[in-house]
Amino acid sequence: MQRTAMTSGKTALLALALLLPALLADAAPPRAVPVMVGGNDVLDACGSLGEVRGLKADGDGFLAVRNGPGAAYAMTDQLPEGREVMMCDQRGDWIAVVYRDARLGRCGVGSPIGKRQAYRGPCRSGWVHGKWIVLMAG
């Protein structure tokens, strides 16, 4: 009886050791996906202007900015109704945006950047759900 219990305990520990990496991988948030800009010598680095619109009156009052194209990615900022954003890329329903902080001027994406590259500032960037962005120009 004691030997059977000991074997069962070892088997359970082995099973846990084998399953633990898979469980941790499921729990970890996805790795951030950078907003990519440019890639054309003629067109603006981010070709469209959008605006946050249609937020639910009884909702949170903001559009979540995430560090990747999906709800599983970490939220990095919140945009209010009416905030303008430059639209740079899209993956499914998610739009990669660049937006300025009230203290900053230009974001550097309104003119061509020949080489496609990750946006590094001076403005903020991230991913938002396209349901709440209305195309204004571009």
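What's counted below: heavy atoms across the whole structure, side chains too, no hydrogens, waters or symmetry copies.
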Could you give the side-chain donor-acceptor pairs of residues 84-99 under 3.5 Å, partners two or more places apart or in another chain?
from : atom 1 : to   : atom 2 : distance (Å)
D89  : OD2    : R116 : NH2    : 2.9
Q90  : NE2    : G92  : O      : 2.9
Y99  : OH     : D77  : OD2    : 2.7

Side-chain atoms of residues 131-138: list all donor-acceptor pairs with protein atoms under 3.5 Å, sequence neighbours left out, distances to 0.1 Å.
none

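Evaluation of the side-chain contact (heavy atoms from CB on, under 4.5 Å) rule for A74 yields N67 as partners, not counting sequence neighbours. Residues passing the side-chain contact (heavy atoms from CB on, under 4.5 Å) test with I113 are V37, A45, Q117, sequence neighbours excluded. In this view, P112 and D44 satisfy the side-chain contact (heavy atoms from CB on, under 4.5 Å) rule, not counting sequence neighbours.
In terms of heavy-atom proximity, G54 sits nearest to E81 at N-OE2, 3.0 Å.
Under the 4.5 Å side-chain criterion, counting only non-hydrogen atoms from C-beta, F62 is not in contact with R83. Counting heavy atoms from C-beta on, the side chains of Y73 and P30 come closer than 4.5 Å. Between P69 and V33 there is a side-chain heavy-atom pair separated by less than 4.5 Å.
Counting only residues at least two apart or in different chains, salt bridge (Lys or Arg N to Asp or Glu O under 4.0 Å) contacts with residues 62-71 are absent. Sorted by first and then second residue, the salt bridge (Lys or Arg N to Asp or Glu O under 4.0 Å) pairs involving residues 49-60 (not counting sequence neighbours) are E51-R53. Residue pairs meeting the side chain to side chain donor-acceptor pair (under 3.5 Å) criterion with at least one member in residues 29-42, sequence neighbours excluded, do not occur.
By the rule that hydrophobic residues join a cluster once side-chain heavy atoms approach within less than 4.5 Å of another member, V65 and L63 end up as members of one cluster. In this structure, V109 is not a member of the same hydrophobic cluster as M36, with clusters built from ILVMFWY side-chain heavy atoms closer than 4.5 Å.
At least one donor-acceptor pair under 3.5 Å links the side chain of Y119 to the backbone N or O of C107.
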task: Could you walk me through whether V35 and W127 pass the side chain to side chain contact (heavy atoms under 4.5 Å, CB included) test, one step at a time?
output: CA-CA 8 Å; V35 170; W127 294 83; 4.1 Å; yes
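Note that the OG atom of S111 and the CZ atom of R106 stand 9.0 Å from one another [nearest 0.5 Å].
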